[in-house]
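Throughout, protein chains are lettered first and strands after them, A, B, ... in sequence-line order, and every chain is numbered starting at 1.
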Amino acid sequence: MRAMGRTDLPPTQQKALRSAIRWEWFTIGYSILTIALIALVVGGSQAMRTAWIEDMLSLIPQISFLVALLFIRRPPTRAFPFGLHRVMGVGHLVAGVALLGVGGDLAYEAISGLIRAEHPSIGTVVVFGQTVWLGWFMVAVMTVTVIGPFFYGHAKAKLAPKLHNKVLYADADMAKADWTSTVASIVGVLGVGVGLWWLDGGAALFISAGIVWDGWRNSRAAVRDLIDQRARTVDDSRPHPLTARVADRVAELPWVRESAVRMRDMGQVFHVEVFVVPEHGQVRVDEIEEARRAVAELDWKVQDVVVVPAASLPPEAEPAGRQEEPAAQRRHHGDA
Amino acid sequence: MSRWRRVWIAPLLALTLCVAGCGVTVPSDPQGTLERVRGDELRAGASASRELVSIDGSDVSGPLAEVVEDFAASLDAHVTWTVGSEEDLVDGLEAGRLDLAIGGMTEATPWSERVAVTRAYDTIPGVESSVVMLLPLGENAWQAAIEGYLDKEAAG
């Protein structure tokens, strides 16, 4: 018998993966540049400090994506019979918890600064013999760095569904929302500039609330996948349509009376258990193999398939012939 | 994606731009220190430090004290000195009883959590080392005025 599942990818996904890797390296380079630039001007503004730390945190999903890729391509072994796909989920969880922890700490700092009515001090610097308020440089740096995440955020958001990769999706989603933090830090600094000291703490609170929210969402999604909830789409918005398609495909086989599916997300690929109740209460080995092949041909993500003949279907498995949702809604999520 | 973040950012930006557009100077002082001192009184605190700040009764002298006197003069203000330990001065700055404190503090001063610290200057006449002054937190026009004055003195 051939090894279960697969660790290679079809050509479309390989292309998307190569592109994703390039984007991740580009993002890491861009973020390091941004972090270094902000370090030059960070000063006494809590909003700037929060946005700065957020930029550092944004590296975690990218690094965990690239590290996880090294592992998930390893074929399954006796010691790891399901392959190492779950490493992606672990990376997702690590990123989520880091965001949650640091975001919470920054939110606490912002709130306690506001309560103590700490007025942020932003001094001056000397440029070409002129004494210039540092706040102007903060605004300039943030204005320059606001652009990048737009490009790579949208590029990665297009790639994530093709690869069914939730770490990449979360990374893209955070990048797309990054401009709100950057604008908030500008608002905070300009607020200090005009004497509204609380705008700085307010902006810091706004940014850190965003970090906490990202952390909560990602930790929750990662934990749910790690404890084997049924497979969902890459954006976690609904149950993955492949579950119903696998069940339906097996039910079409002439020797099958009923079928039902349990499918879990291993991170990029799924693990599928198909329960079948055969006609006349018996089944041949080549029929089982036929069912496995038929399922594997449906999609590159469902290669690790177990077909279990049974006298009756377990109630927690998704039975065939049940429409999860109207067909119209399913259409524009074709490759999710 | 979280819509609330986008919903909040627009009014915040609009508010800031509006306030910024209403002829407020940038940076500015939430407590109005610079405007209060101009043509009036600079309440300075002094803590004795080697040759930098000498204290004789209520008379404060030394190169650092002279810089403060000259700065006050540039604003048509006179200096009222308060003498105390560094912690007394920091308390005074925090409570709004002082506008400025000197005493041979450096960039490594542990008070930077509670008060604003100017850039370090090693260009003050008669002062060998690099020193900073302490100011109330968040009085940014005031801080810019002092740093600008010290830069100008250093250059000229």
- Task: May I ask you to check whether over 12 heavy atoms, not counting those of B:Asp56, lie within 6.0 Å of atom CG?
- Result: no
- Please indicate whether A:Trp216 has more than 12 foreign heavy atoms, meaning atoms of other residues, nucleotides or ligands, lying under 6.0 Å from its CH2. no
- Query: Are A:Thr124 and B:Arg119 close enough that some pair of their side-chain heavy atoms sits under 4.5 Å apart?
  - Reply: yes
- Query: Is any side-chain heavy atom of B:Leu137 closer than 4.5 Å to a side-chain heavy atom of A:Trp197?
  - Reply: no
Distance from [X] atom [atom1] to [Y] atom [atom2], nearest 0.5 Å?
X	Y	atom1	atom2	answer
B:Gln143	A:Trp133	CD	CH2	10.5 Å
A:Arg116	B:Arg114	CZ	CZ	11.0 Å
A:His119	B:Glu94	NE2	CD	11.5 Å

Search all heavy atoms of [X] against all heavy atoms of [Y] and return the closest pair with its distance.
X	Y	answer
B:Asn140	A:Pro120	ND2-O, 3.3 Å
B:Ser28	A:Gly195	OG-N, 3.0 Å
B:Pro136	A:Ser121	O-OG, 4.2 Å

- Which atoms of B:Gln31 approach chain A - backbone, side chain, both or neither, heavy atom under 4.5 Å: side chain
- Among A:Gly123, A:Gly202, A:Gly129, who wins on heavy-atom pairs under 4.5 Å with chain B? A:Gly123
- Which bit of A:Val125 is near chain B, if near means a heavy-atom gap under 4.5 Å: side chain, backbone, both or neither? backbone
